[in-house]
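Bear in mind that the values here come from a model prediction, so they are computed numbers and not experimental data. Naming: A, B, ... by sequence-line order, numbering from 1 per chain.
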Protein chains: 2
Amino acid sequence: MTKKKVSIDDIAKSLGVSKTLVSLVINSKAEKHGISKITQKKVWDKVEELNYKPNMMARSLRLGKSNTIGLIVSDISNPFYSKMARQIEDLAQKKGYNLIICSTDENIEKELTLIKMLKGRQVDGLIISSSQKKSEELNALLKDNYPSVFIDRCIPRLKANYVTVDNTRGAYEAVEHLIQQGYDKIAAFAISPIHVSTINDRIQGYLRAVKDHEKTYNNSLLVEIPFNNIKASVKKEMKKIHDAKESVRAIFALNNHIAIACLEAAQEMKIRIPDDIALVSFDDIDAFRLTSPSVTAVMQPLDEICDHAVKILFHEITNKTELEKKHIVLQTRLVIRRSSVL
Amino acid sequence: MTKKKVSIDDIAKSLGVSKTLVSLVINSKAEKHGISKITQKKVWDKVEELNYKPNMMARSLRLGKSNTIGLIVSDISNPFYSKMARQIEDLAQKKGYNLIICSTDENIEKELTLIKMLKGRQVDGLIISSSQKKSEELNALLKDNYPSVFIDRCIPRLKANYVTVDNTRGAYEAVEHLIQQGYDKIAAFAISPIHVSTINDRIQGYLRAVKDHEKTYNNSLLVEIPFNNIKASVKKEMKKIHDAKESVRAIFALNNHIAIACLEAAQEMKIRIPDDIALVSFDDIDAFRLTSPSVTAVMQPLDEICDHAVKILFHEITNKTELEKKHIVLQTRLVIRRSSVL
DNA sequence: TCAAAATTCTAAATCGTTTTAGGATTTTAT
DNA sequence: ATAAAATCCTAAAACGATTTAGAATTTTGA
């Protein structure tokens, strides 16, 4: 910046009044303090003239709040999280808050570093989709009752606010749908790390559905796809299934990345979905509407998730006393896009 | 927060030294100022013990820089921009910067308000995909040589740093591709507001390609789809084309939203792409790989765009003197996904 | 032995706000 | 006329860091 910024002092000096006066006027506390209308106008005119904009850093320092909230997710370019970010952005905006967005790449250490960094930046609250396995470090970082809401995923033994969906039930319904379509052996493609609560719960849902309906199950039906090599692994697994000419004719993809990889692999190997192999995905994303035939998916109520998360967060931010932790569990909805035919 | 935060003063007091000393140690300026190793260790130990983290607001105020950059786009949930955001986030992270992301919804006023807000927050620089029609307000806002880079779109008569792609040529190649496939009458679906430079340039490219190859053209071939009613409008236009049984058998969608709407409409109306109507899109997004048959699209070199933008921005941030404005124009690449058949 | 040099540390100003605790001055009431 | 009340305004501290300019002490050198 070449030009010197104009401060409250400049306004005060050039008007021959105190900065207290200027501050009061600017913050609409003039009436309360009996500042005359005439002086008020003078201040506003000068503010206009010099194009004064308060320095939010200084204000934040003084007030001890930054009007910023931090959003930590595994990858902001994942449509599930970018949609979420947008929703949260809008809600925060309404309250005069801005969003600092950070991606962790599922890296536990990076996540912890980011939380520390955001705390150092004095963000007023945190919304986190965490990849942690244990709760120790998080507990240590948040023990000072730092306003925070955990979203999407649960961490074992972490006492915190949560907004999640009923992953077990969502998965159950998805698998049940396949069963009702007549599929018997259903493969589940989980993404590693499977310690993540969402994935684990979905696996439970899958297992329960298979068991309840007395469908065959063996270990080879549940495969774990490594996070860093999704595409190749999925292709390999699909090929296995396709070549085996076994009765496995349906795949339950445990998140959108896996489902996308399935679609790609199918395309490359000329496997027709759902004619050759049926596919149901957890997480609904725009692309699944567009693929033809489009993909049936478990939809998470994104707007509701964000509403709750933001509401809880702001409640904590405003009431600085220790509040009881909340855990909101929302229901998913199975979006059936095409009745799969055997 | 229940607990009082620990400040540099707490460290100093509990150690019986000055805060200058503590500050110097913490900022690795101890050697330069001849602080003894013993004292340094004492400071670090106490920092550890009290779990001291510097208050970045205070530091920023003093230093006059926030280590934050603002990213303004029309909608962060648009995959084009969320991918971009992720890329910029990573590059910024490496330099110790964080990202505040804001969506404008193509709203001119909102964009200006956001810029003011971000300046008030003392962000060190701005990366903007702007929706402005005129340059006046932007010029006023940035006249103090505020570090900024305009990305994706150009604003008439705005003297600023730009990183864009050659939209005209990209569009030309896309349309040429359709022509080479044997299509004669090619419709172009533009999204309003068409004053946006990207859209306008793409229209020029379309027109030139049609003209160069002496294909028929009339006004009805270029249709403007209103931003706030994409889906219905696209459906209507596609129906027109389909019903008319005219020779219009190809659509050039001028951005990803339009292309997505085309796919949806086609699906609903059982129009086969590309057998009934061929489709080429500007902007390549993941979904286009997955649709079957997948969609040919003009790909923008996202990584390169971000690299340049961030590089230019940091150059401006570090060299506070008035620098010559740069305009980087990158080339697009036509990703041919399936040879359209007549 | 004593001034100069080296070593190790610190007081205070500063960044730009908000807020507390009152200080002047004028008006009102008796 | 004067105390009380009302009106309008301000000085200074505080938020938590960095940095300038120099102070206090010890060491060195002749």
Using only heavy-atom distances, decide whether a donor-acceptor pair under 3.5 angstrom links the side-chain of Arg59(A) to the base of dT18(C). no
Any donor-acceptor pair under 3.5 Å from [X] side chain to [Y] backbone:
| X | Y | result |
| --- | --- | --- |
| Lys326(A) | Val149(A) | no |
| Lys116(A) | Leu141(A) | no |
| Thr68(A) | Ser66(A) | yes |

Atom-pair distance ([atom1] on [X]; [atom2] on [N]), nearest Å:
| X | N | atom1 | atom2 | value |
| --- | --- | --- | --- | --- |
| Asp10(A) | dG16(C) | CG | C1' | 10 Å |
| Asn55(B) | dT17(C) | CG | P | 17 Å |
| Asp9(A) | dT18(C) | CG | P | 12 Å |
| Ile8(B) | dC15(C) | CD1 | P | 18 Å |

Run the side-chain contact (heavy atoms from CB on, under 4.5 Å) check on Ile128(B) and Glu111(B) step by step: do they pass? CA-CA 9 Å; Ile128(B) 310 178; Glu111(B) 179 184 322; 4.1 Å; yes
Of all heavy-atom pairs between [X] and [Y], which one has the smallest distance, and what is that distance?
| X | Y | answer |
| --- | --- | --- |
| Tyr146(A) | Leu118(A) | OH-O, 4.1 Å |
| Ile72(B) | Leu114(B) | CD1-CB, 4.2 Å |
| Ser7(B) | Asp10(B) | N-OD2, 2.7 Å |
| Ile26(B) | Arg59(B) | CG2-NH2, 4.4 Å |
| Ala85(B) | Ile76(B) | CB-CD1, 3.6 Å |
| Asp75(B) | Arg86(A) | OD1-NH1, 2.9 Å |

Which nucleotide sits closest to the side chain of Arg62(B): dT18(C), dG16(C), dC15(C)? dC15(C)
Contact list please: residues 26-34 of chain B against DNA chain C, heavy atoms, distance less than 4.0 Å, in numerical order. His33(B), Gly34(B)
For DNA chain C, find the residues of residues 12-25 of chain A with a heavy-atom distance under 4.0 Å and give them by number; none if there aren't any. Lys19(A), Thr20(A), Ser23(A)
Earliest and latest nucleotide of DNA chain D, 5' to 3', sitting under 4.0 Å from a non-hydrogen atom of chain B? dG16(D) to dT20(D)
Enumerate all atom pairs, one protein N or O and one N or O from nucleotides 4-6 of chain C, separated by less than 3.5 Å.
none

Quick check for you: to the nearest 0.5 Å, what is the distance between Lys83(B) atom NZ and Ile305(B) atom CD1? 13.5 Å
Which pairs would a plain distance check flag for residues 310-317 of chain A, meaning a side-chain donor or acceptor within less than 3.5 Å of a matching protein atom at least two apart in sequence or in another chain?
from, atom 1, to, atom 2, distance (Å)
Glu316(A), OE1, Ser148(A), N, 3.3
Glu316(A), OE2, Asn161(A), ND2, 2.9
Glu316(A), OE2, Lys325(A), NZ, 3.1

Proximity to DNA chain D (any heavy atom under 4.0 Å), residues of residues 35-51 of chain A only: Ile35(A), Ser36(A), Thr39(A)
Under the ring pair (Phe, Tyr, Trp, His ring centres under 6.0 Å) rule, collect the residues that match up with His33(A), sequence neighbours excluded. none
Say whether Ser60(A) and Gln122(A), considering side chains only, have a donor N or O and an acceptor N or O under 3.5 Å apart. no
Which angle, rounded to 10°, do you find between the first-five-pair axis and the last-five-pair axis of the helix from dT1(C)-dA30(D) to dT30(C)-dA1(D)? 60°
Any salt bridge (Lys or Arg N to Asp or Glu O under 4.0 Å) pairs touching residues 148-162 of chain A, not counting sequence neighbours? Glu106(A)-Arg153(A)
Suppose we screen for side-chain contact (heavy atoms from CB on, under 4.5 Å). Which residues come up paired with Asn51(B), at least two apart in sequence or across chains? Lys53(B)
Sequence neighbours excluded, which residues qualify as side-chain contact (heavy atoms from CB on, under 4.5 Å) partners of Glu49(A)? Lys46(A)
Side-chain donor-acceptor pairs of residues 91-100 of chain A under 3.5 Å, sequence neighbours excluded:
from, atom 1, to, atom 2, distance (Å)
Tyr97(A), OH, Lys65(A), NZ, 2.7
Asn98(A), OD1, Arg121(B), NE, 2.9
Asn98(A), OD1, Arg121(B), NH2, 3.3

Classify Leu61(B) by what it touches in the nucleic acid, base, sugar-phosphate, or nothing, heavy-atom distance under 4.0 Å. base
